[in-house]
Each structure stands twice: as structure tokens, then as C-alpha cells.
Amino acid sequence: MCRKIISIIIVSLLLVSAFSMSAQGVLRMKKGTASYGSPVIDGVMDDCYKNSSELIVEFMSSMNNNATEDDLPNRATGKARLCWDETALYLYIDVKDPTPVTWLDAFGSDAVEFTCDFDSLGDGTYGDNGIFVVTLPYARTVGKPELERQWPDLGTAHQDWLMERPDGEWPVQCVIKADGYTIELKVPLNDAVKAMMKPGFTFGFQISLLDDIDDNNQRDIKSSWGESTDDISAGGWSNSDSNDEITLIEAPPAPVAPEPEPEPDIVQSEEPVATAAPAAPAPAVPSVPETGDTSIIIIAAIMITAAAGVVIFRRKTEVK
Ligand SMILES: [Ca+2]
Ligand SMILES: [Ca+2]
Ligand SMILES: [Ca+2]
């Protein structure tokens with residue numbers, strides 16, 4: 001009897017332990033935030049992204065085709081940020097890729113791909129609202145990007161809805177730089193997901209970079225934001241287990257403008273208000289005689305001079 005009880009206890013402990021290990025396997029290791037905001041889709045980072053977590057995409061999740069260990073230090077890596085509003089999710093990523101591709105006709109080229117598990121199943125499957133988006137930039141000339149966007153069939157209602165959206169509802173822009181590229185895009189949301197988009201809402205998310213290192217249209221290295229756990233490899237787009245976690249946050253409050261200095265109280269004086277001192281009288285300006293008066297003075301002066309001349313002449317005559 002005693003042995004039987006001990007056996008039951010041991011088996012129970014083993015079952016609990018196995019369950020814990022399984023739960024640990026699907027634990028989302030990375031957690032990030034997406035700030036509220038509606039950025040302009042132009043390939044340039046808007047201020048609203050700065051409040052969101054920076055998602056570092058550098059974990060080497062797989063190596064294929066022509067890549068070797070020697071290529072890993074120069075693989076494509078990126079820094080991504082998310083924003084959200086009532087209608088859409090927005091993604092901006094700045095990618096360093098020293099080996100840009102110059103042509104494109106396949107799925108495995110340089111690319112940014114991400115998954116959203118809005119139903120947060122995390123059990124390997126996607127529910128109605130899982131999505132998978134791939135954007136492939138390629139540059140024939142720096143500054144002249146070309147883009148291709150793909151919505152691979154994930155088999156979900158939301159993905160099907162996205163694939164039917166007109167171009168104007170999902171703008172995407174790319175900027176090709178000397179050392180890589182940026183991508184910014186808007187992902188429209190269906191009514192079911194719109195209803196979920198509130199501060200505090202958490203969903204499964206993963207983002208990865210595909211890197212073709214030798215421009216042959218075959219992907220060689222894949223790097224991810226998430227990291228592999230013991231039993232789940234990172235970056236498996238079809239497996240919701242490999243998603244990590246994003247939580248929506250509000251935009252930070254706008255900075256408060258400083259209070260204006262209070263106006264000093266105006267004291268009403270009972271004394272009579274001093275009036276301005278009367279202006280000093282302007283100095284008298286000597287009046288200028290009219291033209292007629294000037295003529296009289298001149299004539300008078302001539303007559304006086306003439307009279308004086310007559311007197312002087314008489315005296316001289318008398319002296320003789
Ligand atoms: Ca922008
Ligand atoms: Ca590349
Ligand atoms: Ca290649």
C-alpha cells in the first residue's frame with residue numbers, strides 16, 4: 001500500500017515536471033511595446049516610434065545555401081519599431097545589409113518578414129487573425145528602391161482579407177542607403193482586430209530579416225528578433241510558437257506648457273492721475289517781414305544815406 005502511494009506521488013511529480021517543461025518551451029522570451037501614433041509612410045522614422053521598444057533583429061536563426069560561419073559577422077541586422085492606432089499597425093525598420101541584391105524574382109532574397117498572432121494562441125497554429133507579411137527591397141541604384149510586397153497564404157481570415165485590400169490601404173515605402181535600407185509600412189486591420197486595439201492589448205509578434213549575401217536570389221542567412229528556446233527555433237513564420245510578445249501602450253502625454261507668469265495687480269490710486277506736463281513753449285521765431293516791408297526799409301536806408309552825403313558835402317564846401 002505504502003509503495004503504491006509513493007509510486008503515485010512520483011508519477012504525479014513527473015507529470016507536473018513534464019508539463020512545466022512544455023509550458024517553458026512556449027514561453028515568449030522577448031517582450032516589447034508599440035506606442036500609439038499614426039506615422040507618415042515615407043521610410044523615415046516618425047517621433048511616435050521613439051516611444052516604442054526598439055526590437056533588435058540580430059539573432060542568427062538559420063543559415064542556408066552559400067553562407068558559411070565566416071559570413072555571419074556581416075549578415076543583415078536591423079532595428080525595428082511598431083506603432084498602432086484604431087485602424088492599423090505600423091512598422092518601421094532600419095536594416096544594415098552590406099550585400100544588397102540588385103535583382104529579384106524569388107521569395108528568398110533580401111527581405112523583411114513579420115508575423116502577428118492577434119489571437120495570441122502561441123500553440124503552433126494561427127487563429128482567424130494571424131497575419132504574415134513579407135517586404136522585399138532591392139536596389140539597382142542607391143536612392144532608387146524597388147519594392148515587392150507579399151502576403152503569403154497563411155490560411156487565416158485576416159490574411160485573406162489583407163490580400164483583397166486595394167493598394168491605397170497598405171502603403172509601403174523604402175529608402176535604399178549606402179549600408180542598407182529602411183522600410184516603413186502600414187498594415188490595415190479587420191474589424192475583429194480593430195476591436196482589440198487598446199492600450200494593454202498583447203499579441204504574438206515576430207520579425208526576421210532574410211539576407212541573400214551573393215545576389216543570386218537565394219536566401220543565405222535569416223536573423224530574428226526572437227531567440228530560439230530549447231524546443232522552438234526562432235523565426236519560423238508558419239509556427240505561432242516562435243512569436244514573441246508586443247503590448248500596446250498609449251502615447252506619452254504631451255509636454256505641459258509652463259504656466260504664464262501672473263500679471264501684476266493694478267492698484268487703483270485715489271490720487272488724481274498725474275497729467276503729462278505741458279509742453280514747453282516753442283522758442284519765438286523772429287518774424288520775417290513781408291516783401292513789401294523790406295522795400296520800405298531799403299528805400300529809407302537809401303534816403304538816410306543820401307541825406308548824410310548832402311550834409312558831408314556842405315561841410316566840405318563850407319571848409320573851402
Ligand atoms: Ca515615416
Ligand atoms: Ca543581402
Ligand atoms: Ca544567396
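Counting convention: from 1, in listed order, for ligands and their atoms alike.
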May I ask you to say whether [X] pairs ionically with [Y], meaning some side-chain N is under 4.0 Å from a carboxylate O?
X	Y	result
D179	K96	yes
E245	K30	no
E113	K222	yes

Quiz item: D46: which N/O/S atom is nearest the Ca ion (ligand 1)?
Solution: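 Looking only at N, O and S atoms of D46, the one nearest the Ca ion (ligand 1) is named OD1.
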
Quiz item: What N, O or S atom of D42 is found closest to the Ca ion (ligand 1)?
Solution: OD1

Quiz item: For the ring-ring contact (aromatic ring centres under 6.0 Å, His included) test, which of Y49, Y181, F114 pairs with Y92?
Solution: Y49

Quiz item: With the Ca ion (ligand 2) as the point of reference, which N/O/S atom of D211 is the closest?
Solution: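 It is OD1, the N, O or S atom of D211 closest to the Ca ion (ligand 2).
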
Quiz item: Is the distance from the Ca ion (ligand 3) to some N, O or S atom of D212 under 3.0 Å?
Solution: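 D212 does place an N, O or S atom closer than 3.0 Å to the Ca ion (ligand 3).
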
Practice problem: Could you tell me whether any N, O or S atom belonging to N217 is less than 3.0 Å from the Ca ion (ligand 3)? | Solution: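 Of the N, O and S atoms in N217, none lies under 3.0 Å from the Ca ion (ligand 3), which means no.
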
Practice problem: Kindly work out whether a path of hydrophobic side-chain contacts (I/L/V/M/F/W/Y, heavy atoms less than 4.5 Å apart) joins I249 to L55. | Solution: no

Exercise. Give the atom name of whichever N/O/S atom in D214 sits closest to the Ca ion (ligand 3).
Key: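 Considering only N, O and S atoms, D214 comes nearest to the Ca ion (ligand 3) through OD1.
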
Quiz item: Is V40 close enough to the Ca ion (ligand 1) to have an N, O or S atom under 3.0 Å?
Solution: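 So V40 does bind the Ca ion (ligand 1) by this criterion.
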
Quiz item: Hey, is the Ca ion (ligand 1) within less than 3.0 Å of some N/O/S atom on V44?
Solution: yes

Quiz item: Below 3.0 Å, any N, O or S contact between D215 and the Ca ion (ligand 2)?
Solution: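 Looking at D215, which is the residue asked about, there is no N, O or S atom under 3.0 Å from the Ca ion (ligand 2).
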
Self-check item: At the Ca ion (ligand 2): angle between D97 atom OD1 and T99 atom O, to 10 degrees
Solution: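 Rounding to the nearest 10 degrees gives 90°.
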
Quiz item: Parallel under 30°, tilted from 30 to 60°, perpendicular over 60°: which one fits the rings of W84 and Y36?
Solution: perpendicular

Practice problem: Could you point out which residue of D220, D71, N65 forms a side chain to side chain contact (heavy atoms under 4.5 Å, CB included) with D214? | Solution: D220

Quiz item: How many degrees, to 10°, between N216 OD1 and D220 OD2 as seen from the Ca ion (ligand 3)?
Solution: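 Vertex the Ca ion (ligand 3), arms to OD1 of N216 and OD2 of D220: 170°.
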
Practice problem: Could you go through the side chain to side chain contact (heavy atoms under 4.5 Å, CB included) check for C83 and S52 one step at a time? | Solution: CA-CA 7 Å; C83 277; S52 308; 4.2 Å; yes

